[in-house]
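Bear in mind the structure is a predicted one, so any value in this text is a computation, not a measurement. Lettering follows sequence order; numbering is per chain, from 1.
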Amino acid sequence: MRGVLGHFRELDSAVDAITELKAARLGDVTVFTPTPRHEFEVAVAPPRSPVRMYMLFGGLAGCLFGYWMAIWASAYWPLVVGGKAIASWIPYTIFGFEVFVLVGGLSTVAGLFIHARIPRLTMMVGYDPRFSRGDYGIWVECAPDRIASAEALLRKNGAVEVRGER
Amino acid sequence: MTGRRKWLVITGVLAIGVASTLLSAYAGNYQVAAVAAGTTETATQKANREAVGKAKPGPWGYSGASGYTNYLGEGTGRSPAQPVKFPHPVHVNTLQMNCVFCHSSAFKSPDPGLPAVASCMGCHTITAIDRPEVKKVAEAFNKKLPIAWVRVHKVPEYVRFPHVRHIYAGVTCQTCHGQVQNMEQVFQYASLNMGWCVSCHVNGYSRAEGMRAAGYEPDSAALTDERQGVRKVASYDCANCHY
Amino acid sequence: MTKPVETANGVKRRDFLKVLGVTGAATAMVGCSTDQVEKLIPYVTSPDHTVPGVSNYYATTCRECAAGCGIIVETRDGRALKAEGNPDHPVNRGAICARGQAALQGLYNPDRFRGPMLRQNGQLVPISWEEAIDALHKGVDTAMKSGKARHAVFINQHEQGLLHSFLDEWLAYRDMPPHISYDAEAPFATIVANRAVYGVSWPRLDFGAAKLIVSFAADFLDGWGLPVPQQLDFAEARGKIEGAPRLIYIGPRRPLTGLNADQWIAAKPGTAGAIARMLAGKMTAAAAAAATDVPVATLAALKKEVAAAKPSLLIAGGSGPKALDLATEVNTLNKSLGNVGVTVKPAEAYGAWEGVVPPAVLNDVVAAMEASDVPALFVRGANPVYSTPVGLGFAAAAAKVPFKVSFSTVPDETTALCDLILPDHHALESWGIAEPVKGTLGLQQPTMDPVFNTRATADVLLASLRPLPCFSCPVDPAEDKQHAADIAKFPPDYRGVVASHIGGNSKLQHALPKGLLAGSLPGRVVPVAKIMKPAIVGEATGDYYLATYANLLMGDGRGANKPWLQELPDPVTKICWQTVVEMHPETAKKLGVERGDHVTVKTVAGSITAPAFLYIGVRPDTVAVMVGRGQTASGRYATGTGHNAWSLLPASNDAAGGYQLVGVRCTVAKAAGHSMIVTTEGSGRQHGRGIARASTLEELLTGEEHKPHAFPGQASTAFLPGLRAPVAGDAQGEFSDPTSAQKGEYDPKHPSGRAKRRWAMTIDLAKCTGCSACVTACYAENNIPTVGAEWQGPILYPDRKFPGANITRSREMAWLRLERYYEIDREYKDMAWNPEHHPEVRVIPMLCQHCGNAPCEPVCPVYATYHAPDGLNVQVYNRCVGTRYCSNNCPYKVRYFNWFGYGEPDRAQYAFPEPLNWQLNPDVTVRAKGIMEKCSFCVQRIRDAETLAKVQNREIEADEFTTACAQACPSRAIVFGDAADEHWSVTKLIEDRRAYHVFEELNTFTAVVYLKKINHPAPAGVTA
Amino acid sequence: MATIAYEPKRPNIASANVQLPAVRDYEQVDDEIVATLRPSKAWFLMLMTAIACLGLGVSAFLYQLHQGLGVAGYNPPVMWGVYIVTFVFWIGIGHAGTLISAILFLFRAGFRTTIYRCAEAMTVFAVMTAGLFPIIHLGRPWKFFWLLPYPNWRLLWPQFKSPLVWDVFAISTYLTISTTFLFVGLIPDIAVLRDRETNPTRKRILSFLSFGWRNTEREWRHFARAYLFLAAVSTPLVLSVHSVVSFDFAMAITPGWHTTIFPPYFVAGAIFSGIGMVFTIIIPIRKWFRLQHYVTLNHLDAAAKLCLTTSLIVGCAYMVEFFIAWYGGVQVEQDFFWNRVFGQWWWAAWIMLTCNMILPLSLFSQKLRRNPTWLWILSIFINIGMWFERFVIVVPSLSHEFEPWQWTTYAPTWVDYSILLGSFGWFFMWFLLFVRQLPIIAIAEVKEIVAPRLKRAHAHTPDNADDYEPETPGAHN
């Protein structure tokens, strides 16, 4: 993996650089930003996050499991309490709901982890601690022959520091 | 750690957790492998069954050979030393004495009863008076001392286990106590835990299986029942045993 | 019975029995204990007829009061477990009172003497029986040699039987006068009047034949006379509904009989005789009204009513100064009204009070003791130091006696004074005989081997005659020979005395199983009390009348060391573990006293300071105090519990020689301090909730039943179905679908057949008197812990260090309780005295209703409570985690929580100190701390019946068994059975027109059905 | 954006539009918030006090465990007492956090940004505290796991119709989800701390906790999605949890419990009490940590409005209860409510009514809404009032039920009080540890509303600079 890391002080310079980098098709662009900004989303134009699907399917599975667990366990050793039906599905909605939230929520987080590729053990290539503070960074992963043009492009857009990394 | 290995480890740990929970949960619930009605016992099943009967307690008082030792400490295989080494095999197998000859209240009381020392002396004033263990008994009798046997099979205080009901239902003693007739020193055969009790109450008792567990061949009536899938089902109501 | 096997290494038979009770080792349920090493110890030699784990039943005679009821004692593995009434016995016909039940706690009393004791240097030290008999021998010898032997005193607790003549013979042999058969509870005026008018000491009172019952201060339902047979007859009479008698009670305080009465005439203490004289026509109504402080109209109506009702039954009780006059007048009235032979039946006399000596005899005794004339004092059973009026000065006088011997089983104030203790067996360990009804003998036999190293008094006395290895006696062969010839007249032991009386051992053996045979006991001439102190009323010494009374539980004090009886609330005041001064709210207001404030009651004889209790059933000019508590040396439960009302009483007798308990003048003053009232009562009125319902015969007959409790918008109060279904209200889902194949055990076709049954109970409130015998029966059957002892209370509450501390926090464990409601519309403290009208009282036993749709069940998170297929609402103790949600959701509030480890022996709160734990029912789990418990409908009895039926290869027969409460009930108000089977009597009773469920608007479909109480208003012609 | 201040001194700011005028750039946010993490002597003192309270509670519990529940002041049939009251109290407190972080997030209420982290941490710790009480109150606490559905050799399962099992599920789900929510939100902030940290050990720990978060646009994109959906799913969860807790009472037939109004009433009460606790915590924090320019008076004003709203709902619910008791015509119910307000329990009921219904009416005054001292005092009253609300629900109902014979009273003992105090010790121990270890204000989210540095445009000026409060320390330019 090899590429160029551009370090920006201002938001609009970084956005401009991304737009140009994308037009130039120099390579994959990774943007570092201390806080999510819509400007980047527009500039990068990524595909929709699939995390919500985790919520949907995890939640559905949880809901079914909640109902199933309550009904199965009640029928496993049928004991009448208070003249209620053995498998009283109305109160068991609570289990359907709670397990839906539990499994749905946890699978959402799992989705976040999977798609955001964390936990990440080796992270420091192309990263600078200043990106969590106030500065923006652009990491262009590109072939060695394009590094120079990428560097130039970044500098042109106002990068205060540009360095190649591998 | 690569991503793939990471997920492998996570799922592996989860799987081991689930498996061990289930194992610990249900170990001891079913110990006599149920022989489905209408089928005959396989060689393995037969070997297992006989091994159980002939098992001896292991060096730590636990019967490794019982085949059902529960390593989670539920007591299966527990075999405390008794004050008098009473040889069940001699009395039952050789002398053909019935269980209720000595445990005489088993069929009329919730309590199976232990023979009074005087009952032992009924024979042992005449026979085998020179054996060291018999001498112990005689000495106790002469001193009017009871013999303090160490309890092997015990259900907790909050469980009512009326022996008489089970005897009247045709359950062989060995179904729960194992083949005591083959045990040099009695050990706890079954886990006696609740799932173990309830399995039989719910799934029913097959007389043929009970007879096999006792170590003899089922009679024809029992075999007929078995072929027809007749099992004696009991109440599994909580207040049957707990009150 | 086998002899105890004492062994070298200390394993005694009773020790190994402890572990032999395998099926139900009565230890607390603390968890699975399979890892513990537990020993199984068999018999050395099997006793005959004994199967381990199977109960044997012995018929014997109850000695807790003079009545001599027949009881059957259940024993298992050598231990007595429960006392039940003997159904064949003519006195109690299968019923038993609370005190009779508690005989077992006398037997297993932890404070009992372990063996003989001798006072050395002021301390009682254990000695051997040889030494003890030697000491007795010497003491008697000294007494004889002193030349005063004819002044020796032997006080025996009055009981029917051969011991009377035996003792007198023995005493005569020792030149001593006949013994004093003492009973502080004997209603002496009535006995003397009965002898005078009817010729027998106690005729049978046939309540059923009467149309009107008038009780002149006779609390015949609670400790007066023969409580059990009286209650049986009364309840049966009331249970007839049509033609049931009306009951009028006359007296200054409204006791249990007064609560059951349809009318209470609150006459001034000791003046009921004026009403009797008025009825006899010897006095005008106006004069009687003036004497009794009762409205003239009331008395005039009474006179009309008595004249109209034929036959009637007038009963005289009373312990005022003129009690004998009253009793004689009333008995004469009965005669003139033609009631004798109809409602009063001298031909069917009870033997209870034959041979009882008037307490006034003690006046002589005290005088003699004061004069140092008495060389020896023997006491057996009775506790005269405590249970005599303090004015008599018994304790001080007895101290002057040089040789004092007690044969009592338990320590008490009298034994604290004695030099030599020769503990007798408890009655349940003894032989004996009684003539409870003329012509019928009731046998008393040991039900188990003696718990402690005790000996029968008769045997001790016999042994003291024999030449022992007597260390100090002079050895003279001639004397010895004479001695031997003399004692040959005596039988070898007391069992022999009994056997020879009925004609030999074989006859005895034959009669023992039933415990009854025809025959009679020798009569006894009752010594006449020579000195009668005149009855003093002390007119000048106070503004209030004092009314002391004894209830059935504490009696004259003999019940005080039995925790069941201490814990059982008094049926009237609902107070336990405490003595209170009962006063009318108006009196309290006048004194500036509130409930619980201490007041000092002072008479000429003494004073006590006790908390005030507002009771609307006592006249404003009277305060009432119960006797029986406040002991100083009667064991751990009695000592320091409550106050001693005997210490208020002057030495004052009525003309018959009985104690004057009522009518002593006293002053009442507010004192410093305040106590919590130890009561189980929350609010004493129903607030219109229709819990205990009542109707009148007229309403029943006309169909215009009183429907006082209309619940707006609720379901109709018509009898709801549900009860008939094996599983009530199983209203939804698979299990309600009759065609479903998946009902499991709830399917009547399931092999267990449980679902075919629906256990249910009816309680007839027309019969129930509120006596609470059922409560004690429940304690005995179900190992219910008592929680009121001081050391069982919350340890670190500085404000709750007194007996009953737990009960002030409502933590009593009674699975069955008696609720007593006054039909009033305000709090007690706001009630004014109205002599014209006294509120109606209703009692209702409240226990788990075993609801078909039980609210407690669905809230339990772990299935610790659920609905069993046979209709029981089951509580599984070992599954309970103690959320207590079930109790919150129980509208009947019948679930009880183990706040402490009452069943755990190593705890301060342990409720069964050795050997009380021997009584624990092995069939019932002893509950550990932190779990909920409640009435189980005696499920152990149901299971036993099922096992028995199975073993005998039959179905359970209708009315084959019943619950402990129903079995004990002396009113026969409780009926238990299978409501799904028409053969059981309960099924018919459920259809009764008086039947109702409590809180049926909650749709709980209860299995306990109450039958309305019936009130008997005054007939139309006589209303004032 | 137009300025909507009508009057500079008495601004009326739309809740969604709360800005941070005194926060100029990202670096300032980092510096000021990281600066709060230095332990101080006062902090240690407070922590020790909390631990001492906890120690007292633990000893009381151990004593109770050994002796039995009888040492607590139970007076049957009052079988539930201080423990359940405190349980519901803490669960209620635990509602504000997720409400603020999830529901207000969905509603785009801007004033949540600076207080949500604090509220969320409070939620987690409050639920952790609450979760102990059902176990403490058990007769056999060592058997609590029987309420969990796990395979066992008894072949028995929990009774799923019991509201207590619903509780187990609702609370454990809530604890899990709110902890997850808190932690997920913390990841980027931990990354900030990691990057600022110089101590290698701490840096390693923080690296581990931040899961290697790199602030890439990809991470932020999935993060935002996940956060949104977690918020979406937490919203019904918040509403459900206290509804389920209210079922503990509403499903029973006990008079005073058996009402259909309980779920909304409890949820409103929970939010009310939660906001109260947020005030109790955030007002000292903003003062001591000098964060008045993050948690501005506008924030407090907006939160106070929410507080007032919920107070009105709760007050309305009280009135409805009385009305229904009268209108329903069930005598048992009428007796009970009379006894609650004018009888045996009048003092508890009036503490409740005063603190929850009457005093919060003061928040109609904007002056008081913007007075942190008053808000703090009021919040203490709200805490007390809400504890008594639960007391009034639990105890008087049980002491005055269907059976007059079993009517009783109730008096807690020192064991109850010690365990109650211990619960505060437990809660504040965790909270104090939290405030000094992790950012009390969400750094990344604050950065979101702070104007970014731009090359072309001028630095962003706040729209409502006039609303800036003079009490804020630091330069105002």
Would you call [X] and [Y] a salt bridge, using N to O less than 4.0 angstrom?
{"X": "C/R757", "Y": "C/E745", "answer": "no"}
{"X": "B/E133", "Y": "B/K136", "answer": "yes"}
{"X": "C/R76", "Y": "C/D923", "answer": "yes"}
{"X": "B/D219", "Y": "B/R207", "answer": "yes"}
{"X": "B/E157", "Y": "B/R160", "answer": "no"}

Most heavy-atom pairs under 4.5 angstrom with chain C, which of B/R165, B/H242, B/M121? B/R165
Looking at chain C, which one of B/A239, B/P83, B/A169 has the largest number of heavy-atom pairs inside 4.5 Å, strictly under?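 Of B/A239, B/P83, B/A169, B/A239 has the most heavy-atom pairs under 4.5 Å with chain C.
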Once you round to the nearest 0.5 Å, how far does [atom1] of [X] lie from [atom2] of [Y]?
{"X": "C/C965", "Y": "C/E781", "atom1": "SG", "atom2": "CD", "result": "9.5 Å"}
{"X": "B/S235", "Y": "B/N240", "atom1": "OG", "atom2": "CG", "result": "4.0 Å"}
{"X": "B/F161", "Y": "B/C197", "atom1": "CZ", "atom2": "SG", "result": "7.0 Å"}

Is [X] close to chain C through its backbone or its side chain, or both, or neither, when contacts mean heavy atoms under 4.5 Å?
{"X": "B/A148", "value": "both"}
{"X": "B/Y243", "value": "both"}
{"X": "B/P115", "value": "backbone"}

Under 4.5 Å from a heavy atom of chain B, the part of C/V951 involved: both
Looking only at heavy atoms, which of residues 939-948 of chain C get nearer than 4.5 Å to chain B?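 At a heavy-atom separation under 4.5 Å, chain B is reached by C/V939, C/Q940, C/R943, C/E946, C/T947.
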Without hydrogens or angle criteria, can the side chains of C/E74 and C/S55 be said to hold a donor-acceptor pair below 3.5 Å? yes
